[in-house]
Amino acid sequence: MSTQQIENAVPSVTGNGVSLKGSSNTHSPSCTPLPGRSTMSLYGKDDHKRVSKMLGYALTLGDERAWTDASVVFQARLTPTECGRAAAAFLLALDEDQAGEVAGMFLHGAGMPQSPLFSPMDQASHWADMASTGERKAHCLASYNRLSPQDQAAFLQHVKNGAAT
């Protein structure tokens with residue numbers, strides 16, 4: 001990440017609140033919220049309120065499922081720019097080694113599938129959860145191409161019947 005990208009992602013405090021450098025969001029409320037009402041509850045966008053609530057749930061629950069569910073909400077409620085800025089802010093909160101490790105998990109994919117621990121299907125499902133879309137597509141096509149014609153036909157019938165979800 002370049003210095004300019006980091007500077008653009010770092011929050012800056014202004015007299016009226018917090019804004020991101022380079023952001024087109026220059027409007028901040030100039031009035032003080034009513035007692036018992038936060039500025040977010042009065043002026044925040046509905047999508048941003050929902051994302052804030054989901055972030056709180058994910059932090060409270062703290063498990064993998066909660067964070068996976070949160071990412072679905074983030075994708076549905078935030079623009080790609082907002083997601084990118086949030087990701088940059090979270091990466092900036094980590095030391096350089098940790099940030100590199102976290103980013104590398106998503107930039108480099110899951111690598112090669114490992115030998116099955118319990119069953120081949122169990123291992124394949126675990127690997128597919130971590131693999132990038134490109135990795136899943138490549139391994140799926142290569143595996144399909146190496147099936148016998150009978151197994152290919154059975155696979156296609158399985159998929160057409162909607163059994164693959």
Side-chain angles (χ1 to χ4, degrees), residues 1-114 121-141 159 162-165:
M1 183 179 271
S2 73
T3 305
Q4 183 63 37
Q5 288 171 312
I6 291 172
E7 288 174 3
N8 286 340
V10 175
S12 63
V13 178
T14 64
N16 298 12
V18 177
S19 65
L20 288 173
K21 292 180 183 176
S23 171
S24 61
N25 182 10
T26 56
H27 175 73
S28 320
S30 58
C31 61
T32 305
L34 300 171
R37 302 280 316 265
S38 69
T39 302
M40 184 68 164
S41 70
L42 292 173
Y43 302 105
K45 294 179 182 177
D46 184 56
D47 283 342
H48 294 166
K49 291 177 189 177
R50 291 172 187 250
V51 165
S52 296
K53 190 176 277 192
M54 189 67 206
L55 176 61
Y57 292 149
L59 288 166
T60 300
L61 294 172
D63 60 11
E64 188 174 336
R65 169 94 191 257
W67 286 105
T68 300
D69 291 348
S71 71
V72 172
V73 172
F74 300 161
Q75 185 178 24
R77 302 283 178 181
L78 298 175
T79 67
T81 299
E82 290 169 333
C83 283
R85 288 184 173 176
F90 279 115
L91 288 174
L92 287 170
L94 300 172
D95 69 41
E96 191 173 332
D97 289 339
Q98 291 171 321
E101 186 176 323
V102 169
M105 285 174 26
F106 297 97
L107 296 176
H108 304 299
M112 294 297 296
Q114 301 298 311
M121 191 59 164
D122 203 38
Q123 179 59 31
S125 293
H126 176 72
W127 176 85
D129 287 341
M130 298 184 311
S132 68
T133 300
E135 286 175 317
R136 287 191 299 269
K137 287 179 178 181
H139 285 274
C140 180
L141 182 60
V159 172
T165 56

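What you see is a predicted model, and the numbers here were worked out from it, not measured in a lab. Residues: numbered from 1 along the sequence shown.
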So do the side chains of L55 and W67 get within less than 4.5 Å of each other, counting heavy atoms only? yes
Determine whether L141 and K137 make a side-chain contact, defined as any pair of heavy atoms from C-beta on separated by less than 4.5 Å. no
What distance do K45 atom NZ and M40 atom CE have between them, rounded to the nearest 0.5 Å? 10.0 Å
Roughly how far, to the nearest 0.5 Å, is CZ of R85 from CG of L92? 12.5 Å
Residue list, salt bridge (Lys or Arg N to Asp or Glu O under 4.0 Å) with D46, at least two apart or on another chain: R50
Does K49, at its NZ atom, have more than 12 non-hydrogen atoms belonging to other residues, nucleotides or ligands within less than 6.0 Å? yes
Can you list every pair that meets salt bridge (charged side-chain N to carboxylate O under 4.0 Å, His left out) and has a residue in residues 90-103, with sequence neighbours left out? none
Tell me the closest heavy-atom pair linking [X] and [Y], and the distance in Å.
| X | Y | value |
| --- | --- | --- |
| C83 | L78 | SG-CB, 3.7 Å |
| L61 | A66 | CB-CB, 3.8 Å |
| V102 | L91 | CG1-CD2, 4.1 Å |
| A70 | A58 | CB-CB, 3.9 Å |

Of all residues at least two apart in sequence or in a different chain, which pass the side-chain contact (heavy atoms from CB on, under 4.5 Å) check with D47? R77
R136-T133 side chain donor-acceptor pair, cut-off 3.5 Å: yes
